[in-house]
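Only one structure is covered here, and it is reproduced in the block below.
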Amino acid sequence: MGFEPLLPWVMVAVGIVGLGLGASWLVDGASRLALRLGVSPMVVGLVVVGFGTSMPEFAVSVRAAVVGSGGLSLGNAVGSNIMNLLLVLGVAAALKPIHVVGGERVLRRDLVFGVVPALLIMAMAWNGFIGRSTAVILLAIFSAFIVLALRQAQAEQTGTTVVKGGPWRHLGLTAVGIVVLVIGSELMVRGGIELATRFGVSNAVIGLTLVAFGTSLPELATSVAAALKGESEISIGNVLGSNIFNLGLVVGTAFSIRPAAVPSFVIRQDIPILILATFIVGKIVVRDGRISRAEGAVMLVLVTAYVAFVVIRGG
């Protein structure tokens, strides 16, 4: 047995490492630049960190769209959002209960911006095709979210923050992070498509499971670290912000570049599951402002059941 049968697995593994490292460097460089400019930590968590941890999904989905794999592109974004809500927050809460003090209005806003794009995709792509008009509307929704978030940032601006290292170091770290992300996404897409072909499953299933898990690792690492440090707002904001980026910016950009057919089961089954997961998490947090260890454990059971459902369903 030669090395060739293992090559797709190696490509996916190296791609995951590249995505994780690239996102980490991008978040570190970009967040320090933002703090230097006086942007508040809460907004850094929502916009800068949310954007940075969504870069793996962005890189993978756009690359998949360019090579004509619409199923992988959409499956990655939808699967990653489900992983973020149930796996990422579930693990973080199981390690240490998550508390959200205040910010209910912002939380509700972000939940709405996480659900509206999903409803739009269901309504406009029920027949299994995402056209450029749908993609443009998704980008418009995302732009509206960014405008509101930046207005909040301006209102909360309290002056610059002293951070270690010079601006050129942070810019360099951001640039290196982007390059590593691009390389990692290329390996992930190539390896994922090869595995899908080898095992006779669709690219969408690979995107909903293996690739979604890999591209959710930055969110997992960020949210767990934030929860352990008692920065619950960053943990919640990172997940909700990342989910808005995934459906608005990622899917919008990917399908505006190349409109494509996508498996109807993603539209009719997985996106409704994503909407339900969003409502469940929103209900838990809004109800008493916390996610307990028991609730985190239930979320982990739910995401395990979802992955099992996707694998058994195939497609």
Tell me every residue that passes side-chain contact (heavy atoms from CB on, under 4.5 Å) with Phe213, counting only those two or more places apart in sequence or in another chain.
Met83, Leu87, Leu217
Restricting to non-hydrogen atoms, name the atom on Ala204 and the atom on Phe265 that form the minimum distance, rounded to 0.1 Å.
CB-CZ, 4.1 Å
With a cut-off of 3.5 Å and sequence neighbours excluded, list every side-chain donor-acceptor pair involving residues 245-254.
{"unit_1": "Asn246", "atom_1": "OD1", "unit_2": "Ser54", "atom_2": "OG", "d": "3.3"}
{"unit_1": "Asn246", "atom_1": "ND2", "unit_2": "Asn81", "atom_2": "OD1", "d": "2.6"}
{"unit_1": "Asn246", "atom_1": "ND2", "unit_2": "Ser242", "atom_2": "O", "d": "3.4"}
{"unit_1": "Thr253", "atom_1": "OG1", "unit_2": "Leu249", "atom_2": "O", "d": "2.7"}

Are Ile271 and Leu119 side-chain neighbours, meaning at least one heavy-atom pair lies under 4.5 Å?
no
Do Arg258 and Val66 have side chains that approach each other closer than 4.5 Å (heavy atoms only, starting at C-beta)?
no
Correct closest heavy-atom pair for Gly282 and Leu111 would be CA-CD1, 3.6 Å
Do you know which two heavy atoms are closest between Pro259 and Phe129, and how far apart they sit?
CB-CZ, 3.8 Å
Per the salt bridge (charged side-chain N to carboxylate O under 4.0 Å, His left out) rule, what does the pair list look like for residues 129-149, sequence neighbours excluded?
none
OG1 of Thr134 to CG of Leu139, rounded to nearest 0.5 Å, is 11.0 Å
Quick check for you: to the nearest 0.5 Å, what is the distance between Leu74 atom CG and Asn203 atom CG?
12.0 Å
In this structure, CD1 of Ile275 is separated from CD1 of Ile280 (nearest 0.5 Å) by 12.0 Å
Beyond-backbone contact of Asn84 with Leu89, side-chain heavy atoms, under 4.5 angstrom:
no
Considering only residues two or more places apart or on different chains, which pairs with a residue in residues 192-205 satisfy salt bridge (charged side-chain N to carboxylate O under 4.0 Å, His left out)?
Glu194-Arg198
Listed pairs under 3.5 Å, donor-acceptor, residues 295-303 side chains, sequence neighbours left out:
{"unit_1": "Glu295", "atom_1": "OE1", "unit_2": "Ser292", "atom_2": "N", "d": "2.8"}
{"unit_1": "Glu295", "atom_1": "OE1", "unit_2": "Ser292", "atom_2": "OG", "d": "3.3"}
{"unit_1": "Glu295", "atom_1": "OE2", "unit_2": "Arg287", "atom_2": "NH2", "d": "2.5"}

Distance, nearest 0.5 Å, that separates CG of Leu138 from CD1 of Ile130
7.5 Å
Where at least one partner belongs to residues 262-277, residue pairs that pass salt bridge (charged side-chain N to carboxylate O under 4.0 Å, His left out), sequence neighbours excluded:
Asp270-Arg313
Among all residues two or more places apart in sequence or in another chain, which pass the side-chain contact (heavy atoms from CB on, under 4.5 Å) test with Ile141?
Phe113, Val116, Pro117, Leu120, Ile137
Audit row: Leu187, Val12, side chain to side chain contact (heavy atoms under 4.5 Å, CB included) steps and yes/no:
CA-CA 6 Å; Leu187 292 172; Val12 170; over 6 Å; no
Quick one: list whatever passes side chain to side chain donor-acceptor pair (under 3.5 Å) with Ser80, sequence neighbours left out.
Glu57, Ser216
Tightest non-hydrogen contact, residues Gly79 and Ala212, listed as C-CB, 3.4 Å
Taking side-chain contact (heavy atoms from CB on, under 4.5 Å) as the test, write out the residues that go with Ala59, two or more places apart.
Ser185
With sequence neighbours left out, write down each residue that passes side-chain contact (heavy atoms from CB on, under 4.5 Å) with Pro272, or none if nothing qualifies.
Met122
Across all chains, not counting sequence neighbours, the side chain to side chain donor-acceptor pair (under 3.5 Å) partners of Ser264 are none
Going only through I, L, V, M, F, W and Y residues with side-chain contacts under 4.5 Å, is there a path from Val136 to Met124?
no
Applying salt bridge (Lys or Arg N to Asp or Glu O under 4.0 Å), name anything that partners Arg63, two or more places apart in sequence or on another chain.
Glu186
Any sub-3.5 Å donor-acceptor pair from Arg293's side-chain atoms to Pro97's backbone N or O?
no
Minimum-distance pair of heavy atoms, taken over all atoms of Ser61 and Ala77:
OG-N, 4.2 Å
Any donor-acceptor pair under 3.5 Å linking the side chain of Arg290 with the backbone of Ile98?
no
Taken to the nearest 0.5 Å, the spacing of Thr209 OG1 from Tyr306 OH works out to 8.5 Å
Hey, what do you get for CG (Leu274) to CD1 (Ile121), rounding to the nearest 0.5 Å?
8.5 Å
With a sphere of 6.0 Å drawn around CZ of Phe309, does it hold more than 12 non-hydrogen atoms of other residues, nucleotides or ligands?
yes
